[in-house]
J.: 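Below you'll find the structure I mean.
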Amino acid sequence: METGGGRFGVSETLGALNAALKKELGPPASVWFKESSARNLRTRDFLAPQAALRALFAGGPVPKGIIEDVISLKCPGVPPLQSCQQTPLGLTVQLQRPAAFQQVLNSIAEFTKPSQAASGQSIILNCTPLRGRRSLDMLSLSNLRAILVTDHLAEVLRIQGMNVHLVPAVPDEGIQKFLHQLRVDWPSELETAFIPEDVLALKQVLSQCPYATVPGLEPRQMRLADDVIYKVHLKNFLAQQSLEGYDPNLDVCLVTEEKLRVLAELRQMALHCAGTGPAGCCRVVHVVSCKGEFQQQQVDLLWRMLDLGPHTALQKHLVCGPVKVANSPSPVGAPQYFQLRRCQMYEASVMKYGDLVQDDSWTEIISVLTSAAIRFEMLSTAHQSQIILDLEDSSISTKGTKSGAFVMYNCARLATLFKTYQQAVEQGAYPAFPPASELNFSLLREEGEWLLLFNYILPFPETLSQSAQLPLSSKGIRITASTEAVCKFLIHLSMDFSSYYNRVHILGEPLPHLFSQMFARLQLMRGVRDVIHRALATLHLPPLSQI
C-alpha cells in the first residue's frame, strides 16, 4: 500500500490490519484488537488472537506472505509498524514507537480537532423534563440527569459540525440561575415565535381525524377534566400503522390545549430546523426520564397521527434511567443535591488549604469543582442505567479517583507543571522550549509515557466521535448514546496520568544532558493537557490552574 498522510487513527489501523489478514480470503473481518493494559503494552500494541486465526486459516499457521504484508503496511491513518510476530497468543504487532511519538506530538492540534463529520446536518433535542417546570423546587434528580445528558450530547454533536436546536425554552429565572450554576446554557425563549394559529390548525386536523372523538359525545362516558378537548385512540392507530417499540399500554390519549401547544412548538421548530440545513436532514430526539417516557410516546404518536410533514417519522427517544439516593428517608431534589455537594467541596477545601479558601478566586474554584462533581456523577454511568447516589460519600469532594474533583485536580497539576517550568525559564534555570521538530522522542521509554499516548492522545478523536454517534436509522423508537464515554475517558486518563506524574520527575535537575528528555516529556504533557482541556469543554467545564 502506498504511504499516505492524515491523522493516525485506531480504527484506520485496525481496518488496515484486518484487510491485510483477509485480503485473500474475502471481505475483512474484525480479527485484530487494540491492547490497552500496561502489562500487555510492554510487548505488543495489537493482537489477532490464536483462536480467531485458527478459524480463519483452517487450523494452520498464518502464511508468511500475509505476515510480510502486515509488517509492510503503509497507508493513511496507520502509524509505522515495527514488528509482526507469530506467538502462542496469536499474531502480535508493535508500532515504531519513537516515530509514533514524533508524528503525534508534532501535530497535537490534529488530535484535539473535531472531525466535523456531520457538518450542516440539523437535529432537535427535546429535553422533556424541562417542559412545564414553573418552579425550581419541582426539579428532581432524574430531571437533572436528563438535562445534563442533553447538554453534553448537544455539545459533542456541535463539535462534530451538527446544527443543534434545544427545546423547550425555559423562561423561569430561578431554573435559569440554577442551570447557570451548573454551566448549562439553555435558551430562555424559542428560536421561532410561537404562533397561536398553529394550535387552531391542529384542532381543525383533529376534528377530521378518524381516531379522535369529542368528550361528551360518547355514551356512559366518565367525566373528564375540563381542559380535555379530544380523546384520541392511539391503540387503533398503532395497530393500523404497525409501529414498533411503543408501550403496549398506550390506549386513549386525552388531548388538552397544552399538549397541542407542545406539538405546535415542536412542529414549528422542525420546520425551522429543516430550513437551516440540507433538506430532509432534521431529526428529533426526545430526551426523557423513565417516568416521562409514556407521556412523550403519546405526543410522538399524536404528531405522527396528524401527519404534520416529513419530520414526523424521524423521532427517536433517548431514555434516562432513574436517579435514587441511598439511605435517604425523604426525597432529595436537584437544588438540595447541588447545595450539599457545594458545601462538601467547600469543607474539603478548607480542611486542605485553610484560610486560603477565603480568597475570592476560590469562589470560582469551588463552583467549578461542584459542577464537575455533579456532572461526573450524572454522566459517568450509561444514560439508560439507574444511578444510586451516596450523598455522604466523601470521595466525591476529596479527589476520589472516579470523581470530577480528581479530574480537575490533575488538570490543575498540569497547569502548575507548566507554570513552574516557565518560572524556571525566566530565572535562567532552563532554556526556552525548542521547536517540536527538534525534540528527541526516542528518550520516551517509560511505560507510562506510551500508555498516555497510545490509550488517550491517539484515540481521543474517536472517543469524541463515539460520544456523538446516534443510531437514528435504527428500528424502533428508542436509541442509546455513549454519553458516558467522555467522563470515563477523563477518569481513566487522570488515573494513568496521576500514576505517571507521581512516579516520574518531569522537571529534572537543570543539567544540560537532561534537557532533551525533559523537553520530550513536557511535549507529551502538552498533549495530555490539550486532550483534557478539549474533553472538559464538552462538559462545559473550564480547566483549573490551581486547587
Side-chain angles (χ1 to χ4, degrees), residues 101 104-106 108-109 111-112 345 348-366 368-369 372 398-399 401 403-441 443-453 456-457 490-491 493-537 541-547:
F101 271 121
V104 173
L105 296 180
N106 280 352
I108 294 172
F111 292 85
T112 58
M345 287 298 169
S349 300
V350 169
M351 287 182 64
K352 186 171 179 63
Y353 300 103
D355 292 340
L356 290 174
V357 178
Q358 306 304 321
D359 186 89
D360 288 344
S361 64
W362 275 90
T363 302
E364 175 65 9
I365 293 173
I366 290 171
V368 172
L369 288 173
T398 55
K399 309 183 187 71
T401 55
S403 72
F406 179 70
V407 173
M408 303 310 295
Y409 168 65
N410 283 287
C411 179
R413 291 172 89 180
L414 278 163
T416 300
L417 170 69
F418 285 101
K419 181 179 179 181
T420 302
Y421 164 72
Q422 190 57 44
Q423 289 172 343
V425 171
E426 293 169 0
Q427 294 166 5
Y430 294 141
F433 205 91
S437 58
E438 297 178 10
L439 300 179
N440 183 3
F441 293 109
L443 298 173
L444 296 179
R445 303 189 190 98
E446 215 278 339
E447 70 176 31
E449 291 159 356
W450 181 246
L451 197 73
L452 290 170
L453 184 100
Y456 301 106
I457 300 175
L490 281 168
I491 289 168
L493 170 53
S494 297
M495 291 171 67
D496 284 336
F497 163 73
S498 181
S499 175
Y500 172 76
Y501 191 84
N502 291 338
R503 190 172 64 251
V504 176
H505 194 47
I506 297 172
L507 297 180
E509 294 294 323
L511 302 173
H513 70 282
L514 298 178
F515 289 157
S516 293
Q517 186 178 57
M518 180 187 74
F519 287 137
R521 285 175 169 169
L522 280 172
Q523 184 70 358
L524 175 62
M525 292 302 100
R526 279 182 174 176
V528 172
R529 178 197 63 188
D530 291 355
V531 164
I532 290 176
H533 287 189
R534 193 69 190 90
L536 287 174
L541 292 171
L544 289 181
S545 58
Q546 69 176 78
I547 293 185

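Residues take their numbers from the sequence shown, with the count starting at 1.
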J.: I'd like to check R534 versus D530 (side-chain heavy atoms, cut-off strictly below 4.5 Å). Are they in contact?
T.: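 The answer is no, as the side chains (C-beta and beyond) never meet within the 4.5 Å cut-off.
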
J.: For R503 and S499, indicate whether the former's side chain and the latter's backbone hold a donor-acceptor pair under 3.5 Å.
T.: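 Here the side-chain-to-backbone pair exists.
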
J.: If every non-hydrogen atom of P434 is compared with every non-hydrogen atom of L439, which pair is closest and at what distance?
T.: CG-CD2, 3.5 Å

J.: Measuring from L541:CG to H533:NE2, what's the distance to the nearest 0.5 Å?
T.: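 Separation between the atoms: 11.5 Å.
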
J.: Excluding sequence neighbours, so at least two apart, what forms side chain to side chain contact (heavy atoms under 4.5 Å, CB included) with A520?
T.: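 Applying side chain to side chain contact (heavy atoms under 4.5 Å, CB included) to A520 gives F441, L444.
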
J.: Do the side chain of E446 and the main chain of V504 share a donor and acceptor less than 3.5 angstrom apart?
T.: no

J.: A side-chain contact here means heavy atoms from C-beta on lying under 4.5 Å apart; do Y501 and N410 qualify?
T.: no

J.: Once you round to the nearest 0.5 Å, how far does CD of E449 lie from CG of L105?
T.: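 E449 atom CD to L105 atom CG measures 10.5 Å (nearest 0.5 Å).
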
J.: Apply side-chain contact (heavy atoms from CB on, under 4.5 Å) to the pair V407 and L493, showing each step before the final yes or no.
T.: CA-CA 9 Å; V407 173; L493 170 53; over 6 Å; no

J.: Got a second to check how far F497's CZ is from C411's SG, nearest 0.5 Å?
T.: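 Taking CZ in F497 and SG in C411, the distance rounds to 9.5 Å.
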
J.: Please name the pair of heavy atoms, one in A436 and one in N106, separated by the smallest distance, quoted to 0.1 Å.
T.: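 Nearest heavy atoms, A436 then N106: O-OD1, 3.1 Å.
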
J.: Could I get the full list of side chain to side chain donor-acceptor pair (under 3.5 Å) partners for Q422, not counting sequence neighbours?
T.: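 Q422 satisfies side chain to side chain donor-acceptor pair (under 3.5 Å) with no residue once adjacent residues are dropped.
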
J.: What are the two closest non-hydrogen atoms of P431 and Y421, and how far apart are they?
T.: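 Answer, listing the atom of P431 first, then Y421: O-OH, 2.8 Å.
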
J.: Looking at residues at least two apart in the chain, or sitting in another chain, which of them share a ring pair (Phe, Tyr, Trp, His ring centres under 6.0 Å) with F111?
T.: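 By the ring pair (Phe, Tyr, Trp, His ring centres under 6.0 Å) rule, F111 matches no residue at all.
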
J.: Tell me every residue that passes ring pair (Phe, Tyr, Trp, His ring centres under 6.0 Å) with F519, counting only those two or more places apart in sequence or in another chain.
T.: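 If we apply the ring pair (Phe, Tyr, Trp, His ring centres under 6.0 Å) test to F519, skipping adjacent residues, the hits are F433.
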
J.: Any chance you could lay out the side-chain contact (heavy atoms from CB on, under 4.5 Å) test for L507 and Y430, step after step, and finish with the verdict?
T.: CA-CA 9 Å; L507 297 180; Y430 294 141; 3.7 Å; yes

J.: Return the set of residues passing side chain to side chain contact (heavy atoms under 4.5 Å, CB included) with L514 (not counting sequence neighbours), or none when no residue passes.
T.: E509, L511

J.: Using the rule given for side-chain contact (heavy atoms from CB on, under 4.5 Å), can you reason through L544 versus L369, listing the C-alpha separation, both sets of side-chain angles and the distance that settles it, and then say yes or no?
T.: CA-CA 9 Å; L544 289 181; L369 288 173; 4.0 Å; yes

J.: Under 4.5 Å between any side-chain heavy atoms of I365 and M345, yes or no?
T.: no

J.: Do the side chains of I506 and L524 get nearer than 4.5 Å, heavy atoms only?
T.: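 Result no, sub-4.5 Å side-chain heavy-atom pair not found.
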
J.: Please examine the side chains of I108 and V531, heavy atoms only from C-beta on, and report whether any two atoms are closer than 4.5 Å.
T.: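 No. Closest side-chain heavy atoms not under 4.5 Å.
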
J.: For W450, check ring pair (Phe, Tyr, Trp, His ring centres under 6.0 Å) against everything at least two apart and list the hits.
T.: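 In terms of ring pair (Phe, Tyr, Trp, His ring centres under 6.0 Å), with neighbours along the sequence ignored, W450 is linked to F101, F454.
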
J.: Between CG of L417 and CZ of R521, what distance do you get to the nearest 0.5 Å?
T.: 11.5 Å

J.: Side-chain contact test, heavy atoms from C-beta onward, threshold under 4.5 Å: evaluate it for V368 versus P542 and give yes or no.
T.: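 A side-chain contact exists here, since the closest heavy-atom pair is under 4.5 Å.
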
J.: Which distance, rounded to the nearest 0.5 Å, do you find between the CG of N440 and the CD of Q523?
T.: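 It is 13.0 Å, given to the nearest 0.5 Å.
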
J.: List the atom of M518, the atom of G508, and the distance in Å for their closest heavy-atom pair.
T.: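 Result for this residue pair: SD-N, 4.3 Å.
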
J.: Do L536 and M408 have side chains that get closer than 4.5 Å, going by heavy atoms?
T.: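 In short, these two side chains touch, coming nearer than 4.5 Å.
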
J.: Working to the nearest 0.5 Å, report the span between CZ of R526 and CD1 of I457.
T.: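 One finds 12.5 Å between CZ of R526 and CD1 of I457.
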
J.: Could you check whether any side-chain N or O of Q427 sits under 3.5 Å from a backbone N or O of A429, counting only pairs where one atom can act as donor and the other as acceptor?
T.: no

J.: Give me the atom names and distance for the closest heavy-atom approach of S498 to F406.
T.: CB-CZ, 3.9 Å

